[in-house]
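Inspection log for the structure reproduced underneath, given as C-alpha cells.
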Number of protein chains: 2
Amino acid sequence: MKDSKEQILKTSLLLFLQKGFKEVTMKEIVKNSGFSKGAFYHYFSSKEEVFKEVIEVYFSKMLHLDYETLPSDSLKSFYEANLDIQHKRDSILRSWYQETFEGDFPNNLYYILFDALRLLPEIREQQHRRIHEELKAWEKVIKKAMANEEIKTTLSSENLAKQFVYSSDGIAMHMVISSSSDELFKEVKNIWDSLYQSLKP
Amino acid sequence: MKDSKEQILKTSLLLFLQKGFKEVTMKEIVKNSGFSKGAFYHYFSSKEEVFKEVIEVYFSKMLHLDYETLPSDSLKSFYEANLDIQHKRDSILRSWYQETFEGDFPNNLYYILFDALRLLPEIREQQHRRIHEELKAWEKVIKKAMANEEIKTTLSSENLAKQFVYSSDGIAMHMVISSSSDELFKEVKNIWDSLYQSLKP
DNA sequence: ATAAACATACCGAACAGTCGGTTTTATAAA
DNA sequence: TTTATAAAACCGACTGTTCGGTATGTTTAT
C-alpha cells in the first residue's frame, strides 16, 4: 500500500481504538497522521470509509487466528501457542501506539468492535463465524486430548471448549474495567493452567 | 423523583444503551421523552449531567448485586438465585424499552459501561470494587460447598470462583456479537450446570 | 401573585466534507 | 541532459449543517 495511505490508516486505527468512531474528528486524523484534509480525501471518500478500511485491513486480522497452524498434538501446547500469538500481536499494537502517541495504550479492543458491529452490519456474521470456528478448533483438540488420555473429565468436549474460550473473554472484559492489560495474559494463563491441572487423569 | 425528570432519565438511559453517549443528540432525548429543550434544561444542566445521573440512578444499580441476600447454603442454589435475579432485571429493562421504542432491544450493556468508564473516572474504581466483591462472594460460597462436600475439586476456591464469574462475562461478550441475548441466560446456566456437575464428589 | 414547569426561537462552535489551487513525481520528447 | 506535460499528491480556507446550550418567553399549579 502507498506509504501515506497506510500512515493515515494506522493513525486512524489507533485513534479509533482510543475513542471510538464518533469521538474521533477529521481534524485529529489529519493532524496526527501528518497530512492535510486534501490528502485524506485524496485517499478516502469519507470518515466512514476509513473506518471500514481500518476494520478490514487491521482489526479483522487482529481477531482472526488460523487454528490449523497451532500445534494440536496436546491441549497444553495448543493453548500455550494460542496465548503466545495473542501476546505477540498485543506487543506490536502497543509499540505502534507508542511511536505515534505518548501516554498509556487504550486498553479496550471491544470498543472499536462494538462500533464496527453498529456501523458495518456485515461484521456481525463474520465475527459470528470466527467464534464458531474458534470453539470448533478447541473442541477438536480437546477430543483428541481425551482420546490419548492427556486429560480426563466428565465434561463434554463442547462444554470444556466453551469453558476455555469464555473464561479468556471474561477475563478480557474484566481487564477493560481494571485497565491493566499487562496482567491479561498472565491471568488467562493462570486460569487455563488451573483448569488444565484439574483435568489431569 | 418528579415524574417528568424520571421520564427524561429513563428515555436517556434507553437511548444511551442504544447508541452510546456521543451518538445520542439532545434533539433525540427531548423528542423521545416527549418534552422540550426548556424542560430538559430545567431539570439538567447539561448532556453530561443526565448521563452521569443515568449511570448513578439506573446503571450502577443494574450491575450491583447484594450477595448477602443470596442463599449461600449450597453453591447450586447460590448460582441459580444469581441467574434468576439477572434474568428478572433483564426483563424489566426490556419491557421499559418496548414501552418507549419499537424494534429490538440493543443487546449491549457494555457499550454504556465503556462510555461511563471514559467520561466518569470515579466509575472505574467503583466497578473494580464491584468485581472484587463478586469474586469474594463466590469464593466464600465455594469454600463452604467444599467443606460440606457438596463439591470436590483440585482447583483452589479462588480459581473456581473465577471460572464461574469469567465464563458468564465471556458468554455475555459473545452474545453481544451474536446479538441473541434471549439465549444468554440459557447458555450461562448450561455452562454453570456442567461445571457444577464436573465438581460432584 | 408567584414560582415552578414547560415551550421555542435562536446562538456560536464544531463538525464532515468541498474546492480551487500548488507542489511533487513520473514520463517522454527534444 | 534538458524541457514539456500530465497526473498524482497534497494543501488549507471555506461551506452548509448539526450540535449542545441559552434567552426569552408562556402556561400551569398553588
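Below, chains carry the letters A, B, ... as their sequence lines are ordered, and counting in each starts from 1.
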Earlier contact from the 5' end, DNA chain C, for A/G38 and A/E23: A/E23
Can you work out whether B/G34 or A/V24 has the more 5'-proximal nearest nucleotide on DNA chain C? B/G34
Whole-Å distance separating the CD1 atom of B/I8 from the P atom of D/dG21: 14 Å
Check every strand shown and say whether B/F35 touches a base, only sugar-phosphate, or nothing at a heavy-atom separation below 4.0 Å. sugar-phosphate
Nearest whole angstrom, please: distance from the C1' of D/dG20 to the NZ of A/K22. 13 Å
Can you tell me the distance, in whole Å, between the CD atom of A/E49 and the C1' atom of C/dG17? 13 Å
From OH of A/Y41 across to C1' of C/dG21 the rounded distance in Å is 19 Å
Donor-acceptor pair under 3.5 Å, A/K47 side chain vs C/dG17 base: no
C/dA5 phosphate, OP1 or OP2: any side-chain N/O from B/H42 under 4.0 angstrom? yes
A/K27 NZ to D/dG12 P, in whole Å, measures 13 Å
How is B/V30 classified with respect to the nucleic acid when contacts are heavy atoms under 4.0 Å: base, sugar-phosphate, or nothing? nothing
In whole angstrom, give the distance that lies between atom CZ of A/F40 and atom C1' of C/dT18. 14 Å
Classify the side-chain pair A/T154/B/Q197 by whether it contains a donor and acceptor separated by less than 3.5 Å. no
To the nearest 0.5 Å, atom OH of A/Y111 lies from atom CG of B/L113 at 10.5 Å
Using the ring of B/F21 (Phe, Tyr or Trp, six-membered ring only), decide whether A/K22 places NZ or CZ under 6.0 Å from its centre and within 45 degrees of its axis. no
Could you give the NZ-to-P distance, from A/K5 to D/dC10, as a whole number of Å? 12 Å
Trace of the ring pair (Phe, Tyr, Trp, His ring centres under 6.0 Å) decision for A/W96 with A/Y58: CA-CA 12 Å; A/W96 275 10; A/Y58 292 114; 5.3 Å; yes
From D/dG20, D/dC10, C/dC15, nucleotide with atom closest to A/S36 side chain: D/dC10
Over all strands shown, is B/V50 touching base, sugar-phosphate only, or nothing at heavy-atom distances under 4.0 angstrom? nothing
Take the protein atom CD1 of A/I29 and the nucleotide atom P of C/dA16, then report the distance between them rounded to whole Å. 8 Å
How about A/Y196 and A/E80: does a side-chain donor come under 3.5 Å of a side-chain acceptor? no
On the nucleotide D/dC10, are OP1 or OP2 found under 4.0 Å from the side-chain N or O atoms that A/Y43 carries? yes
Counting heavy atoms from C-beta on, name the nucleotide in C/dC6, C/dA16, D/dC11 closest to the side chain of A/M26. C/dA16
What's the closest nucleotide to the side chain of A/S46 if the choices are D/dC10, C/dG17, C/dA4? C/dG17
Counting only side-chain nitrogens and oxygens, does A/S4 get under 4.0 Å of the OP1 or OP2 atom of D/dC10? yes
Taking only Lys NZ, Arg NE, NH1 and NH2, and the carboxylate oxygens of Asp or Glu, determine whether B/K52 and B/E49 approach each other closer than 4.0 Å. no
Answer yes or no: side-chain N or O of A/K37 and base N or O of C/dG17 forming a donor-acceptor pair under 3.5 Å. yes
